[in-house]
Amino acid sequence: GGLSYWPGQGQVNWWSSAYAAHFLLEAEKAGYAIDRPVFSKLLGYLKNEVKRQETFMYRYNGTNSREVAVKEIGYSLYVLALAGQPDISTMNYYQSHPELLALDSKYLLAVAYGLAGDQERFERILPPSFTSEESATSFGGSFHSALRDRALALNALLQIKADHPQVAGLARFVAERLKNQEYLNTQERSFGLLALGKIASREMTSTATGIIYVNGVKAGQVSDRELLLQGENLHGAEIRIEVSGKGNLYYFLEQKGISADGRYQEEDSYLQVRKRFYDRQGRLLNDLKQLRQNDLIVVEIAIKGPANAEIDHVAITDIIPAGLEIENTRLRAMPQLAWIVNAQEPDYLDIRDDRISFFTTATGTNRYFYYLVRAVSPGRFRMGPVGADAMYNGEYHSYHGAGEVIIQGAK
């Protein structure tokens with residue numbers, strides 16, 4: 001009942017068979033007649049294949065890899081459920097072994113339960129966001145990629161809950177990649193267009209328009225095209241969108257920087273980052289309001305993750321107060337700083353005029369990084385918190401240690 005990748009090849013290809021069954025279903029839903037005997041044999045083939053418990057070495061997030069169930073399993077379970085013939089026993093097996101599934105396969109399994117009428121398991125299995133994995137592009141097997149996986153997850157989610165909160169974020173990612181990615185493979189195009197086409201068809205009858213007010217003053221109107229508002233006048237402003245008509249109006253807000261009054265949300269979510277300050281002799285500086293111009297300060301940053309776990313690709317960023325300037329990061333070469341004995345090398349170091357970033361892996365014990373700054377400009381300056389974020393899962397983050405720096409003139 002399976003199909004080969006090339007005509008006359010004779011060798012059955014599992015992913016292509018599931019792919020063909022899926023698009024036969026989509027075609028039938030769109031009003032086209034399909035060959036039912038052929039389709040029934042395809043479903044029979046998929047029912048046999050999902051029992052194989054086959055695995056492969058899955059590469060993701062740059063250099064990470066782990067053994068997971070082949071992605072054909074999650075996709076086949078989704079297609080079978082879409083056809084009204086869910087394989088509950090196999091679905092239950094993978095529900096009990098979520099560690100065997102790649103992130104997109106978890107989405108497909110959750111939706112398969114939803115299609116089978118099990119809303120509770122759909123909600124429980126569905127990942128909170130598609131941010132912790134970005135698969136390396138595969139040139140065979142299931143032909144996965146970062147774009148294809150998200151498009152497939154989005155398409156499945158639209159099938160069961162088109163108004164789910166994750167739809168907008170996934171749609172934005174897929175749309176931007178389809179628009180800006182220079183080369184797209186067949187899978188990326190087909191699943192991307194299939195998912196966005198479903199959204200577009202749903203919105204075809206929308207008459208929704210919106211007027212945006214900033215601090216009570218009309219700043220723009222949205223009707224049939226995108227509107228972009230930007231500028232410092234938006235910071236801290238009261239923004240209101242007045243919507244009329246029927247349908248959905250989509251918006252997103254992005255801001256970055258340090259608040260003028262120094263307020264920020266200090267929190268540790270699975271990660272803990274802290275910074276401390278020392279003089280050149282290794283004495284702890286508890287007060288940064290009595291610095292002198294030309295003073296040298298050693299900044300210590302400590303990062304710790306959950307116990308018994310490793311969080312890869314953690315970005316630690318410390319924004320430097322305007323009165324300070326990064327002096328030297330090669331502290332081990334300086335004899336007067338021999339007291340630093342626990343410094344570790346980051347995977348990558350990025351230095352800019354206003355910030356320094358360390359990229360590393362967070363473990364259950366503290367890892368320490370150091371850099372040297374000089375007080376260059378007298379005055380009173382705002383110091384932002386040091387931040388740590390897992391690059392592929394925003395749920396893992398920590399922000400701590402904002403304050404004020406006062407630099408007196410040189411003696």
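Note that these values count all heavy atoms, side chains included, but never hydrogens, waters or copies made by symmetry.
Relative to the ring axis of Y60, R66 places its NZ or CZ within 45° and under 6.0 Å from the centre.
Under the ring-ring contact (aromatic ring centres under 6.0 Å, His included) criterion, Y94 pairs with no residue at all, not counting sequence neighbours. Residues satisfying the side-chain hydrogen bond (donor to acceptor under 3.5 Å, both in side chains) test with K179, not counting sequence neighbours, are none. The ring-ring contact (aromatic ring centres under 6.0 Å, His included) test applied to Y368 returns no partner, not counting sequence neighbours. Every residue meeting the side-chain contact (heavy atoms from CB on, under 4.5 Å) condition with S105, not counting sequence neighbours, appears here in chain and number order: K71, L101, A102. Scored by the salt bridge (Lys or Arg N to Asp or Glu O under 4.0 Å) test, E404 finds K289, R380 as partners (sequence neighbours excluded). For S142, the side-chain hydrogen bond (donor to acceptor under 3.5 Å, both in side chains) test picks out H144, with sequence neighbours left out. Considering only residues two or more places apart in sequence or on other chains, D318 meets the side-chain hydrogen bond (donor to acceptor under 3.5 Å, both in side chains) condition with K275, Y371. For F39, the ring-ring contact (aromatic ring centres under 6.0 Å, His included) test picks out no residue, with sequence neighbours left out. The side-chain contact (heavy atoms from CB on, under 4.5 Å) test applied to K304 returns Q272, N366, not counting sequence neighbours.
When all heavy atoms of A175 and L196 are compared, the pair lying nearest together is CA-CD1, 3.9 Å. Counting all heavy atoms, side chain and backbone alike, A151 lies closest to G192 at CB-N, 3.6 Å. Nearest heavy atom pair, residue V273 against residue D268, reads N-OD1, 4.4 Å. Smallest separation of non-hydrogen atoms from P306 and I311: CD-CG1, 3.7 Å. Of all non-hydrogen atoms in V12 and G2, the two that sit nearest each other are CG1-CA, 3.7 Å.
Counting heavy atoms from C-beta on, the side chains of E188 and Q181 come closer than 4.5 Å. Between V167 and L154, some side-chain heavy-atom pair lies under the 4.5 Å cut-off. L372 places none of its side-chain heavy atoms less than 4.5 Å from the side chain of Y278. Contact annotation: the side chain of I241 approaches that of I212 to within less than 4.5 Å [non-hydrogen atoms, C-beta and beyond]. Looking only at side-chain heavy atoms (C-beta outward), D149 and L103 stay at 4.5 Å or farther from each other. Annotation: side chain of N13 is not in contact with side chain of L3 (no heavy-atom distance under 4.5 Å). For the pair V111/F122, a side-chain contact is recorded, criterion being any heavy-atom separation below 4.5 Å from C-beta on. Residues Y251 and L249 fail the side-chain proximity criterion, which asks for heavy atoms closer than 4.5 Å.
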Exercise. Would K47 and T90 count as a side chain to side chain donor-acceptor pair (under 3.5 Å) if you check the C-alpha gap in whole Å, the side-chain angles of each, and the deciding distance to 0.1 Å?
Worked result: CA-CA 9 Å; K47 290 176 183 177; T90 304; over 6 Å; no

For this session: Might you work through the side chain to side chain donor-acceptor pair (under 3.5 Å) test for E67 and T55, ending with a clear yes or no?
Result: CA-CA 6 Å; E67 191 171 359; T55 62; 2.6 Å; yes

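Taking the six-membered ring for Trp and thresholds of 30 and 60 degrees, Y19 and F23 have ring planes inclined between 30 and 60 degrees apart.
A donor-acceptor contact shorter than 3.5 Å is absent between the side chain of R59 and the backbone of S65.
Counting only residues at least two apart or on different chains, no salt bridge (charged side-chain N to carboxylate O under 4.0 Å, His left out) pair has a member in residues 207-218. Pairs engaging residues 107-129 under the salt bridge (charged side-chain N to carboxylate O under 4.0 Å, His left out) rule: D118-R121, E120-R124, E123-K161 [sequence neighbours left out].
Around CZ of R352, the count of heavy atoms belonging to other residues, nucleotides or ligands within 6.0 Å does not exceed 12.
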Could you pull out all donor-acceptor pairs under 3.5 Å where a side-chain atom in residues 73-84 meets a protein atom, sequence neighbours excluded?
residue: Y75; atom: OH; partner: H22; partner atom: ND1; Å: 2.7
residue: S76; atom: OG; partner: W14; partner atom: NE1; Å: 3.0
residue: S76; atom: OG; partner: E72; partner atom: O; Å: 2.7

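For R240 and E242, the salt-bridge test passes: some basic side-chain N is under 4.0 Å from an acidic carboxylate O. Using a cutoff of 4.0 Å between basic side-chain nitrogens and carboxylate oxygens, E327 and R280 are not scored as salt-bridged.
For the salt bridge (Lys or Arg N to Asp or Glu O under 4.0 Å) criterion with E300, the lone passing option out of R274, R276, R367 is R276.
A donor-acceptor pair shorter than 3.5 Å can be found between the side chains of N342 and Y370. For the residue pair Y399/D389, the side-chain donor-acceptor check at 3.5 Å is satisfied.
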